[in-house]
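Counting begins at 1 with the first residue of the sequence.
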Amino acid sequence: QVQLVESGGGSVQAGGSLRLSCAASGRTFSTYAMGWFRQAPGKEREFVAAISAGGSVRRYTDSVKGRFTISRDNAKNTVYLEMNSLKPEDTAVYYCAQSSLGLRVGNVGYDYWGQGTQVTVSS
């Protein structure tokens, strides 16, 4: 059974930084692409970033380009999301997910999801 456990969320002022982690277990982590998503209150879940299984390819939604960085450590079965220059509009529950269909931009193709971690950015 695949398990994804996010951590690192919290409250920060605008302009601050947070680093989210997602620890995976249950299948060979290094063979699956990973993604980060977020859902703000009253809004649909949206794609944030994705990284290929080997880590060489990364994709971001436009609103986070230049501020967020996705990375992974396959030896630790962990994917990260480094978030800098945070804005109030980044406030959301952040989820990591694992894809069986390679690197995917968008919700389709991700078959396992974590429980989420709250990120709150105050102005």
What's the separation between atom [atom1] in [X] and atom [atom2] in [Y], rounded to the nearest 0.5 Å?
X     : Y     : atom1 : atom2 : value
Ile70 : Cys96 : CD1   : SG    : 9.5 Å
Tyr60 : Phe47 : OH    : CZ    : 9.5 Å
Leu20 : Glu82 : CG    : CD    : 9.0 Å
Leu18 : Ser11 : CG    : OG    : 8.5 Å
Ser21 : Arg72 : OG    : CZ    : 13.5 Å

Check for a donor-acceptor pair, side chain of [X] on one end and backbone N or O of [Y] on the other, with a separation under 3.5 Å.
X      : Y      : result
Arg45  : Val93  : no
Thr120 : Thr91  : no
Glu6   : Gln115 : yes
Arg67  : Ser63  : yes
Ser99  : Leu101 : yes

Next on the checklist: Assess whether a salt bridge exists between Lys87 and Asp90, defined as any Lys/Arg side-chain N lying under 4.0 Å from an Asp/Glu carboxylate O.
Outcome noted: no
Heavy-atom pair of closest approach, residues [X] and [Y]:
X      : Y      : answer
Ser52  : Ser56  : OG-N, 3.3 Å
Gln98  : Asp111 : O-OD1, 2.7 Å
Ser123 : Ala14  : CA-CB, 4.3 Å
Ser17  : Ser85  : OG-N, 4.4 Å
Ala49  : Leu81  : CB-CD1, 4.2 Å

Does the side chain of [X] reach to within under 4.5 Å of the side chain of [Y], using non-hydrogen atoms?
X      : Y      : answer
Leu4   : Met34  : yes
Arg27  : Ser100 : yes
Val79  : Phe29  : yes
Phe68  : Leu86  : yes
Leu103 : Arg58  : no

Checklist entry - Taking only residues two or more places apart in sequence, or in another chain, which ones meet Asn77 in a side-chain hydrogen bond (donor to acceptor under 3.5 Å, both in side chains)? => result none
Checklist entry - Within a reach of under 6.0 Å around CD of Gln39, are more than 12 heavy atoms found that belong to other residues, nucleotides or ligands? => result yes
Next on the checklist: Please determine whether the number of non-hydrogen atoms from other residues, nucleotides or ligands lying under 6.0 Å from atom CD of Glu46 exceeds 12.
Outcome noted: yes
Would you kindly confirm whether [X] and [Y] end up in one hydrophobic cluster when ILVMFWY residues are joined by side chain heavy atoms under 4.5 Å apart?
X      : Y      : result
Val64  : Val12  : yes
Tyr32  : Val105 : no
Tyr112 : Trp36  : yes

Checklist entry - Is the distance between the ring centroids of Tyr110 and Phe37 under 6.0 Å? => result yes
Checklist entry - Is there a donor-acceptor contact under 3.5 Å linking the side chains of Arg38 and Thr61? => result no
